[in-house]
Enquirer: 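Quick one: structure below, then a few questions.
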Amino acid sequence: MDLTHGSVLQGDRELLSDVPMYISASSDYVKWGGCLHLNKQIGERLHGTEYRIRLRDGRLGDIRIRKVVNTNGALHVELLFEGLGSLDPSESAA
């Protein structure tokens, strides 16, 4: 898994920015997933299961949260997700 940072979006609205996230993918990013690392208070802002992420390098992808894991004495959470579709370059990043 590679560590990066990015934003969590719902539609076009940015819910969280500069979120640490790990991404694991096949060589062509057709099958991918990972996890978001958040403190518990920030993690509680996310109420649904489907979001979009925008990585620092401009790639965009839809995700589905599949599991929430409490860590560090329940002060932090890891949101494990699977990618839905491909992880594509943003049109605005070109």
Side-chain angles (χ1 to χ4, degrees):
M1 282 194 170
D2 294 324
L3 175 64
T4 188
H5 287 74
S7 299
V8 178
L9 312 167
Q10 193 163 41
D12 290 333
R13 196 176 106 214
E14 184 177 73
L15 300 176
L16 303 172
S17 64
D18 201 33
V19 173
M21 54 183 81
Y22 287 88
I23 304 290
S24 178
S26 61
S27 62
D28 53 5
Y29 285 93
V30 171
K31 184 173 179 159
W32 60 283
C35 63
L36 307 174
H37 286 263
L38 306 170
N39 73 41
K40 189 164 183 149
Q41 284 182 315
I42 291 174
E44 289 173 347
R45 293 184 197 170
L46 304 178
H47 298 289
T49 59
E50 295 192 10
Y51 298 95
R52 175 168 264 207
I53 58 172
R54 181 187 317 118
L55 304 182
R56 278 187 178 166
D57 66 6
R59 288 179 288 169
L60 285 169
D62 294 318
I63 63 169
R64 178 178 297 129
I65 306 296
R66 44 180 200 87
K67 186 174 184 179
V68 177
V69 179
N70 289 314
T71 62
N72 192 17
L75 297 176
H76 294 89
V77 293
E78 290 182 1
L79 285 80
L80 307 179
F81 63 82
E82 62 184 345
L84 305 173
S86 60
L87 187 58
D88 296 322
S90 167
E91 294 173 15
S92 63

Enquirer: Is any side-chain heavy atom of L87 closer than 4.5 Å to one of L55?
Expert: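 Yes, side chains in contact.
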Enquirer: Do you know which two heavy atoms are closest between S17 and S7, and how far apart they sit?
Expert: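 Nearest pair, atom of S17 first, then S7: CA-OG, 3.9 Å.
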Enquirer: Test of understanding: clusters of I, L, V, M, F, W, Y form through side-chain heavy atoms closer than 4.5 Å, transitively. Do L84 and Y51 belong to the same one?
Expert: no
Enquirer: Heavy atoms, side chains only, cut-off 4.5 Å: are L80 and Y22 in contact?
Expert: no
Enquirer: Please report the closest heavy-atom contact between V77 and G43, naming both atoms and the distance.
Expert: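 Looking at all heavy atoms of both residues, the shortest contact is CG2-CA, 4.2 Å.
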Enquirer: How long is the straight-line distance from OG1 of T71 back to CG of L38, given to the nearest 0.5 Å?
Expert: 9.5 Å
Enquirer: With a 4.5 Å heavy-atom cut-off, do L16 and L36 have their side chains touching?
Expert: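 No, side chains not in contact.
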Enquirer: Rounded at 0.5 Å granularity, tell me how far CZ in R54 sits from CZ in R59.
Expert: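 That separation rounds to 13.5 Å.
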Enquirer: Would you say T49 and R66 make side-chain contact, with heavy atoms under 4.5 Å?
Expert: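 No, every pair of side-chain atoms sits at 4.5 Å or beyond.
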Enquirer: Please round to the nearest 0.5 Å and tell me the distance separating atom CG of D2 and atom OG of S24.
Expert: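 Answer rounded to 0.5 Å: 8.0 Å.
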Enquirer: With a 4.5 Å heavy-atom cut-off, do I63 and L79 have their side chains touching?
Expert: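 In short, these two side chains do not touch, never coming nearer than 4.5 Å.
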Enquirer: Give the minimum heavy-atom separation between V19 and H37, together with the two atoms involved.
Expert: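 Taking every non-hydrogen atom into account, CG1-O, 4.2 Å.
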Enquirer: Drop me the distance from D62's CG to F81's CZ, to the nearest 0.5 angstrom.
Expert: 11.5 Å
Enquirer: Check whether any side-chain heavy atom of K40 lies under 4.5 Å from a side-chain heavy atom of N70, and answer yes or no.
Expert: yes
Enquirer: Considering non-hydrogen atoms only, spot the tightest contact between A25 and W32 and give its length.
Expert: CB-CB, 3.6 Å
Enquirer: Roughly how far, to the nearest 0.5 Å, is CD of E82 from NZ of K67?
Expert: 13.5 Å
Enquirer: CE of M21 to NE2 of H5: how many Å apart, nearest 0.5 Å?
Expert: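 Rounded to the nearest 0.5 Å, the CE-NE2 separation comes out at 8.5 Å.
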